[in-house]
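Hydrogens, waters and symmetry mates are skipped; everything else that's a heavy atom, side chains included, is used. Just so you know, ligand 1 is whichever comes first in the structure, and atom 1 is the first atom listed for that ligand. What you see is a predicted model; the values in this text were computed from it and never measured.
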Amino acid sequence: MNTKKLTVGISACLLGDEVRFDGGHKRSAFCDDELSRHVEFVRFCPEVGIGLPIPRPTIRLEKHDNDVHAVIPKTGANVTQKLSDFADKIQLKAQQLSGYVLCAKSPSCGMERVKLYDPDTGHAQKEAMGIFAARLRELNPALPLEEDGRLNDPHLRENFILRVWVYGHWQALPKPITKKALLDFHTRCKLLLLAHDQPAYRELGKRLGEAEKIDEAFAQQYIIDVMQALSEPASKRNHTNTLQHIQGYFKGQLSAQQKQELSEMILQYHDGILPIMAPLTLIRHYLREFPNDYLAQQWYIQPYPEDLKLRYGL
Ligand code: SF4
């Protein structure tokens, strides 16, 4: 990847823009103070983008038959199509993004569990996705999405940033993507896939091995499946297996004492005594001492800038 910052879309109110229905914002300190040092944010407010004023009457999602509509109860206006069309309108820009941070609970931007009202009873279930967010996902199925509230969870935060960086690597591949480029990309992803989703790790490897021809549809489905496999944080158990797998590469080089030290550290991580950074730091140390081309290119070992400090609490 070149050194240009990755671009990440974001709901404008999360950067402190006073664009919400009540004229306020929902500034996310993590996004505005920390993540902004590493990515270039591109902000969008779909509701302002479709011409609604600030402040404005609230929008709510209503279920009509099997369809979800965005309605302004005060005026009766239905803004579903306009909010959906706004995602189409920004699609050229969205294709350049490596991720998107959405504002939780919003009928336009919410990623999940947005209130969906039954217009007859007035009761709501938290089960919908915002109209803009749903269309954004439909148009960009591999694009990593996350909500501001979920980013307060260290595991979800780490997972989102990881996906953004992997997707950024994908976007940086020269187009059209050759089989060699795809195989190189896959090789670098291998330990990440092993840690996140072992069935996908096996299936994607097999699919690539059997592919005779790589065309755009194949490449597109491949990256959708990779991003899906990475979409859940890796479990402690799977990280432990992956670390032990890495340890196997040093078999012939480490002394008995060094092997034991690394094994114990991996087990202490597994038992919650040490963070994952402890065995990983030792592995990186051994990697400098005993260079290994395969391990050196694994994004698992260094997936994103170190000073984001995302793995310290894991
Ligand atoms: S949640 Fe989305 S639509 Fe609502 S103010 Fe924020 S950016 Fe605008």
Side-chain angles (χ1 to χ4, degrees), residues 6-36 39-63 67-117 124-141 143-153 156-157 160 164:
L6 297 178
T7 49
V8 170
I10 188 165
S11 298
C13 55
L14 297 178
L15 290 182
D17 292 7
E18 294 175 337
V19 289
R20 297 192 79 215
F21 69 95
D22 58 1
H25 60 78
K26 272 196 75 183
R27 183 178 173 276
S28 153
F30 170 67
C31 293
D32 205 15
D33 298 339
E34 291 183 52
L35 196 49
S36 61
V39 305
E40 190 181 325
F41 277 125
V42 184
R43 61 188 82 201
F44 301 98
C45 176
E47 292 178 18
V48 171
I50 64 169
L52 295 174
I54 311 166
R56 56 187 169 273
T58 53
I59 296 173
R60 75 175 191 180
L61 297 182
E62 293 183 359
K63 193 170 188 172
D67 293 331
V68 175
H69 290 263
V71 176
I72 302 176
K74 192 169 177 191
T75 62
N78 187 324
V79 289
T80 317
Q81 196 59 50
K82 283 185 176 172
L83 285 171
S84 178
D85 288 349
F86 186 73
D88 291 77
K89 192 173 159 190
I90 65 152
Q91 176 60 3
L92 271 183
K93 286 183 188 160
Q95 285 172 333
Q96 310 303 317
L97 303 174
S98 302
Y100 204 112
V101 185
L102 292 156
C103 181
K105 300 180 187 159
S106 156
S108 307
C109 293
M111 187 183 80
E112 60 177 26
R113 294 173 51 75
V114 179
K115 280 186 182 167
L116 179 60
Y117 287 85
Q125 307 263 23
K126 290 181 181 170
E127 58 179 341
M129 187 170 188
I131 300 292
F132 165 77
R135 181 65 179 151
L136 179 73
R137 187 176 65 178
E138 193 178 359
L139 292 170
N140 306 279
L143 178 68
L145 302 180
E146 193 47 279
E147 286 190 333
D148 58 317
R150 284 165 50 95
L151 285 172
N152 293 325
D153 177 307
L156 297 177
R157 176 186 289 196
F160 174 63
V164 167

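For the pair Arg157 and Phe30, the cation-pi criterion (under 6.0 Å, within 45° of the ring axis) is fulfilled.
Between Phe44 and Tyr100, the two ring planes are parallel [angle under 30°; tilted spans 30° to 60°].
Short contacts between ligand 1 and Arg56, defined as distances under 4.0 Å to a heavy atom of the residue, involve ligand atoms 5 (S). Residue contact check: Phe44 has heavy atoms under 4.0 Å from atoms 7 (S) of ligand 1.
Considering Asp148, Asp33, Asp17 in turn, Asp33 is the only one that fulfils the salt bridge (charged side-chain N to carboxylate O under 4.0 Å, His left out) rule with Arg27.
Counting heavy atoms under 4.0 Å from ligand 1, residue Glu18 does not touch it at all. At a heavy-atom distance under 4.0 Å, no atom of Phe21 approaches ligand 1.
Two residues are said to be in side-chain contact when any heavy atoms from C-beta on lie closer than 4.5 Å; Leu35 and Phe41 meet this criterion. Residues Cys31 and Ile10 have side chains in contact (heavy-atom distance under 4.5 Å, counting atoms from C-beta outward). Taking the side chain as every heavy atom from C-beta outward, Val101 and Ser28 never approach each other to under 4.5 Å.
Protein atoms of type N, O or S found under 2.8 Å from atom 6 (Fe) of ligand 1 total 1.
How far NZ of Lys63 is from CD of Glu127: 5.0 Å, rounded to the nearest 0.5 Å. Atom CD of residue Glu112 and atom NZ of residue Lys126 lie 11.0 Å apart, to the nearest 0.5 angstrom.
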